[in-house]
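Remarks on the structure that follows.
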Amino acid sequence: MSILILAEHDGTQLKQSTRQAVTAAAAWQLPIHILVAAEHAHVVAQEAASINNVARVIKVEATHFSHPLAEDVSALVLKLAAEYQVILAGHTALSKSVLPRVAALLDVAMLSDVIQITAPATYVRPIYAGNVFATVESSDSTQVLTVRGTSFAVAADGGNAEIVSVEAPAANTTTSWLSEEKNVSDRPELASAHVVISGGRSLGEQFNSLLDPIAHKLNAAVGATRACVDAGYAPNDIQVGQTGTVVAPELYIAVGISGAMQHIAGIKDSKVIVAINHDADAPIFKYADYGLVADLFKALPELNAALN
Amino acid sequence: MKVLVAVKHVLDYNIVPRIKQDGSDVDISGNKMGINPFDEIAVEEAVRLKERGVATEIIAVSIGTENSKDTLRHALALGADRAVLIQTDIVLQPLGVAKLLKTIVEKEQPALILLGKQAIDDDAGQTGQMLSALLGTGQGTFASALNIKDGVIEVIREVDTGNETVSIKLPAVVTSDLRLNEPRFLKLPNLMMAKKKPIETIIASELGIDFSPRLKQLKVAEPPVRKPGVMVNSVAELVEKLRIEKVLP
């Protein structure tokens, strides 16, 4: 038996979450296979084959994978599932949509957002917005899980896996892809950036003008709180927290963020946390390595100038 | 068009759960409980569909103990027409919940099934997708907007890179994200009226379905705490400290 990892990619490159899933999969000491489904899978399959410790890459090409739908990807995973003891992926929007379907049709439980694999079927995962860590054991014959990227190291290159092609099942007949609205940014990706600077609602209309120059100098990704996104000052895909993106950069700078638990749960594995807030009683200071009580509208231009 | 909304009775979102002394589970006894916030958004969306003349009947379904009736009454007060409680005392997990919901869907034949994208207690985020797979319908997860016409639902989904719009043939399963809507404030007269609306009780164990938990919880613990930090007095001092830590250029 082997392990199947569902690759996440943008058509040309693997997402970091796939390499983190490879590290998580090492817990089983079984051959690791990576499934790459795409319209043109060649480049991504080559990259997957070069990851250390990967035994096989399964390449599946079909036009309907140009914008993968959960209905189609789950049908593909189910076609392959019988050969696998473990089916896993990073905890991404695609995997969160696909793997519960796979688990249900295999009649097995699924584990979401696993942060630690303590034995081949024992897992630690956060519950109650990260306020509690639960250790759970699964006795199902197939283990289906998503893993939190930031909890596992990024697997490096060094492998030379075989690449095999598999035919895709026919496209589903219930659901079709219509369009997308991508937030294009020249900043690093939030989930994998070494530095993240995030703002709260209090930055208001000045969210971008205050954070962007600093982010540019630090080659940082920009994040936002839920309240800030809800208020329309920042797009939804940069929301940091338990229900948004979980980050663990070298440096996390929280600006005007009070520190709601669901936000803290998404940042607390960061190496160094800095909090700048005008309210000395803000809960964020309890989690910060360095705290500064200051007026944001003065402190941020000062910080920007200090980085010159 | 009939709409079925699944609602879960959970610990109030403002309360940080205590852990039992033996570390076996969280202790929620004596705490304020309520409707899972994502499910409340799902109910609100169903009510808006009815107000727009798209939905004709809204059925709220919950699975759990007698206490879940409080959450069903909340859904009724928001505007659901009737409610079903699938009653059981056993620990529920997403697969079992999806199987139980499937029996109600097959009985009620709704065109749209709405659920929250996840429950704020177990944070699994699986039930909607599992239900969709078991029913063989299409799914639209993490919905931030939806539009129904000609037997098709268009769903704008919040994904990792922005938004994506998909078109799904009805019947369909849709899970709500935070920004789908802002649920209305419950007024006292609505709560009073909700008491007159019917709640049907079905005993889960009589449905002939295996919904026993598959995962065994071995223990729960508080997350590790970060080492205490220091306060600095100026931006200059902050920059100096971060340069010593080698996290700033």
Side-chain angles (χ1 to χ4, degrees), chain A residues 69-71 74 92-93 96-97 100-101 103-105 108-110 112-113 122 126-140 172 174-183 226 230 235-237 242-243 250-251 261 268 271-272 274 287-293 299 302-303 306, chain B residues 11 16-17 19 26 93-95 98 118 120-126 129-130 132-134 137-139 141-142 144 154 158-169 172 178-179 214-223 226 229-232 234-236 238-239 241-242 245 247-249:
Chain A
L69 291 166
E71 291 83 345
S74 57
T92 62
K96 285 189 270 185
S97 301
R101 297 181 68 88
L105 294 176
V108 299
M110 177 183 159
S112 301
D113 207 13
T122 305
I127 56 174
Y128 290 95
N131 279 299
V132 178
F133 284 179
T135 304
V136 289
E137 185 183 52
S138 165
S139 52
D140 282 322
N172 86 86
T174 58
T175 309
S176 52
W177 184 91
L178 294 182
S179 62
E180 68 186 339
E181 221 180 289
K182 268 193 182 174
N183 293 310
R226 178 193 158 185
D230 284 351
N236 67 274
D237 58 298
Q242 173 86 0
T243 56
E250 295 287 299
L251 174 61
M261 194 55 215
K268 62 185 169 45
K271 187 170 164 245
V272 175
V274 170
Y287 303 93
D289 299 287
Y290 299 101
L292 173 64
V293 179
E302 261 186 71
L303 177 60
Chain B
L11 183 66
V16 175
I19 288 172
V26 295
Q93 291 176 354
L95 182 62
Q118 71 191 77
I120 61 164
D121 48 5
D122 64 15
D123 284 327
Q126 302 166 4
Q129 298 89 309
M130 287 182 158
S132 166
L134 294 175
T137 68
Q139 72 177 34
T141 46
F142 325 133
S144 65
E154 275 186 26
E158 294 201 355
V159 294
D160 298 337
T161 50
N163 293 319
E164 169 182 278
T165 307
V166 295
S167 162
I168 314 163
K169 279 185 200 158
L178 287 169
R179 281 169 283 274
R214 297 293 185 83
L215 302 173
K216 189 174 155 200
Q217 184 167 281
L218 302 179
K219 63 168 185 178
V220 296
E222 281 179 18
R226 290 180 68 91
V230 296
M231 296 302 287
V232 294
S234 67
V235 168
L238 175 65
V239 170
K241 299 264 191 207
L242 294 178
E245 289 254 17
V247 289
L248 271 194

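Protein chains get the first letters and strands the later ones, always in sequence-line order, with residue 1 at the start of each.
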Measure distances from [X] to the heavy atoms of chain B and classify the residue's part below 4.5 Å as side chain, backbone, both or neither.
{"X": "A:D140", "value": "side chain"}
{"X": "A:E137", "value": "both"}
{"X": "A:A134", "value": "both"}
{"X": "A:T243", "value": "both"}

Item to complete: Given side-chain contact (heavy atoms from CB on, under 4.5 Å), test A:D113 with B:D123 step by step and report yes or no.
Response: CA-CA 9 Å; A:D113 207 13; B:D123 284 327; over 6 Å; no

Practice prompt. Go through the atoms of B:V230 and report whether side chain, backbone, both or neither lie under 4.5 Å from a heavy atom of chain A.
Written response: both

Practice prompt. Identify which part of B:S167 has an atom lying under 4.5 Å from any heavy atom of chain A, answering side chain, backbone, both or neither.
Written response: both

Distance-minimising heavy-atom pair for [X] and [Y]:
{"X": "B:L242", "Y": "A:V274", "answer": "CD2-CG2, 3.6 Å"}
{"X": "A:I127", "Y": "B:D122", "answer": "CG2-O, 3.7 Å"}
{"X": "B:L95", "Y": "A:A104", "answer": "CD1-CA, 3.8 Å"}
{"X": "A:K271", "Y": "B:R226", "answer": "O-NH2, 3.2 Å"}
{"X": "B:V232", "Y": "A:Y290", "answer": "CG1-CD2, 4.3 Å"}

Discussion item. Under a 4.5 Å cutoff for heavy-atom pairs, which residue among A:A306, A:S179, A:A109 has the most contacts with chain B?
Written reply: A:S179

Discussion item. Could you check whether any side-chain heavy atom of B:L178 comes within less than 4.5 Å of a side-chain heavy atom of A:R226, counting everything from C-beta outward?
Written reply: yes

Discussion item. When you compare the side chain of A:T174 with that of B:T137, does any pair of heavy atoms fall below 4.5 Å?
Written reply: no

Worksheet item: Does the side chain of A:R101 come under 3.5 Å of the side chain of B:S132 through a donor N or O and an acceptor N or O?
Response: yes

Discussion item. Strictly below 4.0 Å, N to O, side chains only: are B:K241 and A:D289 in salt-bridge contact?
Written reply: no

